Amino acid sequence: MRTFPIFVSFDGKPPLVVGGGELAAIKTRLLLKRAEVVEVSAQEFVPELAALAAAGQVVQVASGPGIDQLRGRPLVIAATEDDQEDTRVSAIARALGVPVNVPDRPELCTFALPAIVDRGEVTVAIGTSAAAPVLAQRLRAWLERELHPRLDDLAKLAGEFRGLVAERLPAGAPRRHFWESVFDGAAAEAMLEGDESKARSLIGEAIEQASEAGKREGRVLLVGAGPGDPELLTMKAVRALKVADVVFYDRLVGKGVLEHARREAELIPVGKAKGAHSVPQAEINALLVERAKAGQTVVRLKGGDPFIFGRGGEELDALRAANIAIEIVPGVTAGIAAAASLQVPLTHRDVSHTVTFVSGHEAGGKAPSFEHLDLKALASGNNTLVVYMGVTTGAVIAQRLLEAGFRPALPVIAVENASREDERRVATNISVLAAHPDSLGLKSPAVLIFGEVAGLPAAGVVETVLAHEEVKHAYA
Ligand code: SAH
């Protein structure tokens with residue numbers, strides 16, 4: 001018999017057991033696990049049935065039941081132990097569409113009785129389609145050991161809170177997550193340990209928290225992580241990391257910086273290295289919007305300052321278009337950090353009155369022409385140029401500066417990994433750099449500072465690549 005498991009309600013007419021013997025008593029006892037009353041059709045009862053009848057749990061009805069006694073029953077068990085009578089009852093029940101079971105006579109049954117693990121509200125029914133009843137018994141024994149005896153209390157308690165949770169939390173994922181956290185958490189533990197009042201107050205608190213979180217508007221903080229040294233984080237950046245539900249961070253963000261994030265925060269790298277965009281910008285924008293819409297506090301952590309060559313502007317546009325609350329937390333940009341480390345001022349009363357931050361890398365990954373830079377104008381004054389993403393294009397800039405009329409000995413100083421333990425500095429001038437593009441031996445990330453200030457005395461170790469021989473030496 002192929003069967004489908006369901007749980008039958010006994011709220012209407014009581015189930016009927018036909019027969020007054022031992023077998024009928026066993027089946028009656030089984031039904032009484034859920035039925036308040038079982039009607040038993042027999043002329044005489046064994047003592048157990050008589051006792052149940054005296055207790056009001058069994059109601060005796062006439063033996064030899066016909067159509068009227070069977071109609072409308074949730075189910076019938078024919079257990080008279082008289083083959084002819086059981087067959088007759090089964091035939092009437094089937095004709096009426098009433099589910100019927102005759103013990104050990106599968107051909108007379110329309111349903112099978114499962115092996116049951118009973119924890120009140122939590123009931124496990126095991127069936128093997130009569131193929132392996134012993135296996136079903138083994139499974140039942142195993143589940144009896146595994147399922148906590150107070151599981152029923154826990155289910156009842158959850159049942160009591162169901163209405164309130166439905167009122168306070170939206171259907172779907174939020175409600176499901178809430179219940180998962182209850183059953184996996186301290187509330188369930190307390191209940192299974194028998195501490196009902198603690199469990200109640202924990203569930204109450206969890207409902208409050210979950211509904212507050214649901215009402216909370218999500219937001220995105222575009223946070224500058226500085227050049228790498230966590231000491232260069234702003235207090236606002238640290239505070240943002242402490243409240244973040246999720247942090248999307250760039251490759252350039254230092255490891256020590258991430259250690260300030262809240263322990264429970266999800267940390268998601270969306271690292272971008274030149275030429276290897278691991279997560280496309282449009283996808284990052286979509287992720288930020290999605291998380292904020294789900295009510296989360298999202299930190300978008302970017303190296304240096306979020307608005308200096310960090311595509312922060314694009315993220316800002318996407319968030320504004322989606323009506324998401326935004327906060328910008330500025331950071332120490334790499335050029336400023338490099339200058340501080342060198343103890344070289346980017347502007348100086350005597351030598352430089354302006355400073356220009358330039359990208360050595362154009363959108364779309366093309367080799368930059370620097371046409372948008374008015375180098376002539378810059379050449380006429382005392383200016384400082386700070387070039388980002390210029391490791392491979394620094395020499396082109398040096399060439400353009402020479403063409404624009406800058407003096408050939410104009411100093412250049414490059415700082416690799418500014419503020420990090422592996423910081424490295426190399427000084428040269430534009431004519432050497434223009435003629436020997438690889439002379440500085442730079443690796444990304446590095447900034448190049450072009451201008452008279454780059455020739456001012458610098459603190460710390462500076463490699464110098466100036467004369468031709470030294471260039472050769474640097475290659476050797
Ligand atoms: N928003 C960042 C810049 C992102 S563009 C900022 O404000 O600093 C990436 C470029 O920044 C790198 O190619 C490099 O030129 C520069 N950069 C970032 N961190 C650096 C560091 N620690 N030292 C030197 N240059 C760095």
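Start at 1 and go down the list; that is how both ligands and their atoms are numbered. Only a predicted model underlies this, so the values are computations on that prediction, with no experimental measurement involved.
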Short N-O contact, R291 and E266, less than 4.0 angstrom: yes
Crowding at CZ, R200 (>12 non-hydrogen neighbours, <6.0 Å): yes
Which residues pass the side-chain hydrogen bond (donor to acceptor under 3.5 Å, both in side chains) test with R168, sequence neighbours left out? E208, S211
On a heavy-atom basis, the closest approach of D305 and G331 is OD1-N, 3.1 Å
Within the structure provided, determine whether V344 and I413 are in side-chain contact (heavy-atom separation under 4.5 Å). no
Before you tell me yes or no, could you show the steps for V432 and V412 under side chain to side chain contact (heavy atoms under 4.5 Å, CB included), namely the whole-Å CA-CA distance, both residues' side-chain angles and the distance that decides it to 0.1 Å? CA-CA 10 Å; V432 172; V412 181; over 6 Å; no
Tabulated below should be the N or O atoms of ligand 1 paired with protein N or O atoms at under 3.5 Å; can you produce that?
residue: ligand 1; atom: 1 (N); partner: G303; partner atom: O; Å: 2.8
residue: ligand 1; atom: 1 (N); partner: D305; partner atom: O; Å: 2.8
residue: ligand 1; atom: 1 (N); partner: I308; partner atom: O; Å: 2.7
residue: ligand 1; atom: 7 (O); partner: D305; partner atom: N; Å: 2.8
residue: ligand 1; atom: 7 (O); partner: D305; partner atom: O; Å: 3.4
residue: ligand 1; atom: 7 (O); partner: T333; partner atom: OG1; Å: 2.6
residue: ligand 1; atom: 8 (O); partner: T333; partner atom: OG1; Å: 3.3
residue: ligand 1; atom: 8 (O); partner: A334; partner atom: N; Å: 2.9
residue: ligand 1; atom: 13 (O); partner: M389; partner atom: N; Å: 3.4
residue: ligand 1; atom: 15 (O); partner: M389; partner atom: N; Å: 2.8
residue: ligand 1; atom: 15 (O); partner: A446; partner atom: O; Å: 2.7
residue: ligand 1; atom: 22 (N); partner: P227; partner atom: O; Å: 2.9
residue: ligand 1; atom: 22 (N); partner: A418; partner atom: N; Å: 3.4
residue: ligand 1; atom: 22 (N); partner: A418; partner atom: O; Å: 3.1
residue: ligand 1; atom: 23 (N); partner: A418; partner atom: N; Å: 2.8

